[in-house]
2 protein chains.
Amino acid sequence: MKQPAIDTAWRGVARCDACAIRHLALFSDLAHEDFHRIHLPIDEFSLERGQALYHRGDTVASVFTVRSGLIKLVQHLPNGDFRIVRVLRQGDVAGLERLNDRPAEHDAIAMDRVELCRIPLGVVQTLRDDTPRLHRQLIERWQRALADADTWLTELSTGPARTRVARLLLHFEAAAGGADFFLPTREDMGAMLGITTESTSKVTAEFKRQGWLQSAEGPFVRIDRAALSQLTVR
Amino acid sequence: MKQPAIDTAWRGVARCDACAIRHLALFSDLAHEDFHRIHLPIDEFSLERGQALYHRGDTVASVFTVRSGLIKLVQHLPNGDFRIVRVLRQGDVAGLERLNDRPAEHDAIAMDRVELCRIPLGVVQTLRDDTPRLHRQLIERWQRALADADTWLTELSTGPARTRVARLLLHFEAAAGGADFFLPTREDMGAMLGITTESTSKVTAEFKRQGWLQSAEGPFVRIDRAALSQLTVR
DNA sequence: AGCGCGCCTTGAAGATTTTCAATCCGGCTG
DNA sequence: CAGCCGGATTGAAAATCTTCAAGGCGCGCT
């Protein structure tokens, strides 16, 4: 069996009760006491763009929460086609299915530099069974993942290319809270939208010409929300 | 708020411990004793094709398990487009999100005659918190729903129309255990695949001409698995 | 500075899909 | 039985996408 491709930047043991993104993370609802119930062998590490967190079929003994950056979940078809079925961002959990002892269902790949926490399955499973709060959090995650999946299908895989790209950009912007956001490669965008890299490029290039998509700091961009929303309607 | 559209054939109070599809249903793992822990005000009823089980935004106080027939979960876009994001069949649970107190996320519509059990939320919630077995079942359902969603995206919304239709037919056949299966309307198939009704019709008509899709008893059909699998590869 | 590499952009031709309109078909109704 | 209705099918033209190929551009490396 293929082993997970984690061989990278190990930052150290985490202190979850002092975590900067605790309000977003899996353990957000744990009470102070819960943290002391067990020793938490949780550590932080990071991946560079393109590195895999795990591959389909892997049976890693951990789940991961994303501290920063973006992780794409990729699913392949026998004929070589593939789709990005979801993108995980800050606070999301990768590898939820491992909690049910299923092998990983996707390839999980860093889209940019990503910081993560590795949480041993055992920790989550124990805490889950003991603390209803964590339990609720977990269900919550399932729900969110599913709602996301449906949205992708309905909004990002329906209609002509221009519409899809517009919706994707609006999504990213919304997810970033209206701020500038990271624009993935054309290939990745295409894989999210079910269109080719070239088509994606043609559309984004046009959006740029129209001034509806402008680059900002570094790899970030901003959009003309109103204009793109227009495209979405018709 | 819109009320659920159930006004139909009420069959009566169910006896879950004697249910014919118990091994598939939500309560499959409950022990005999569990059934006696509470009185189960669960009843059976049915919908005719086209009738709604609930609508997006409804806050029905029940979940439903499908005893027979097919339910489509439909999601609409502001511009009037829509996609079928999943199809529920025997043993599946409709309205899972209600367990988390979220309003329904889709329109749930009968695709043919459907028999259902209505299970009050309270019953599930109580049992869930008391019996780990039911609890595991529930998580299991979430997982399955999510895996389905991903499959739809990867297999049914990717590639040219012929390929998608072929994959859809293979899916249906597999879900029916290789037996003859119910072929939805072209419109519904189109909504699952993200293509127009006409395109769907053209492809299925061609498949019929090729003899890869033949009608069987009543509304049922059978397929040439090998031939359609071929289309899937390239 | 020169180069190579990875990704983006562009064009043109060809293939697919959508659109729009007409017909067809089976079943049901008056 | 004629007529009607809701799908299903078909065709032709127009709109979109994909394919294939050729540059470009920016950036890190030597």
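It should be emphasised that the depicted structure is a prediction, and the values quoted were computed from it without experimental measurement. Proteins get letters first, then strands, A, B, ... in listed order; numbering begins at 1 in each. The figures here come from the full heavy-atom set of this structure, side chains too, leaving out hydrogens, waters and symmetry mates.
- Across the protein-nucleic acid pair, A:Asp112 atom CG and C:dC7 atom P stand 14 Å apart, rounded to whole Å.
- Both A:Thr204 and B:Gly159 lie near DNA chain C, and the one whose nearest nucleotide falls closer to the 5' end is A:Thr204.
- As judged by a 4.0 angstrom heavy-atom cut-off over every strand, A:Arg164 is placed among residues making no nucleic acid contact.
- Under 4.0 angstrom from either OP1 or OP2 of C:dC8 there lies no side-chain N or O belonging to A:Lys208.
- For the pair A:Asp81 CG and D:dT19 C1', the interatomic distance rounds to 14 Å; values are reported in whole Å.
- Relative ring orientation between A:Phe181 and A:Phe172 is described as tilted, the plane-to-plane angle lying within the 30° to 60° band.
- Between the CG atom of A:Leu183 and the P atom of C:dC7 there is a distance of 14 Å, given to the nearest Å.
- With rounding to the nearest 0.5 angstrom, the CD atom of B:Gln210 is 10.5 Å from the CG atom of B:Asp224.
- The closest side-chain heavy-atom distance from A:Asn79 to B:Thr232 is not below 4.5 Å.
- Following rounding to the nearest Å, B:Glu206 (CD) and C:dT17 (C1') show an atom-to-atom distance of 14 Å.
- Nucleotide C:dC8 holds its C1' atom 12 Å from the CD atom of A:Glu187, rounded to whole Å.
- For the pair A:Phe207 and A:Ile223, the minimum side-chain heavy-atom distance is 4.5 Å or more.
- A 4.5 Å side-chain heavy-atom check between A:Thr151 and A:Leu156 finds every atom pair outside the cut-off.
- Between A:Arg222 and A:Asp180, at least one side-chain nitrogen of the basic residue sits less than 4.0 Å from a carboxylate oxygen of the acidic one, meeting the salt-bridge criterion.
- Atoms CZ (A:Arg186) and C1' (D:dC17) sit 18 Å apart, rounded to a whole Å.
- Summarising the geometry, the separation between CZ on A:Arg162 and P on D:dT16 is reported as 8 Å, rounded to the nearest angstrom.
- Scanning residues 188-203 of chain A for heavy-atom distances under 4.0 Å to DNA chain C yields A:Glu198, A:Ser201, A:Lys202.
- For A:Arg49 and C:dC7, the shortest distance from a side-chain N or O to OP1 or OP2 is below 4.0 Å.
- Atom CZ in B:Phe182 sits roughly 12 Å away from atom C1' in D:dG7 (whole-Å rounding).
- Taking the six-membered ring where tryptophan is involved, the planes of B:Phe82 and B:His76 are tilted, since the angle between them lies from 30° to 60°.
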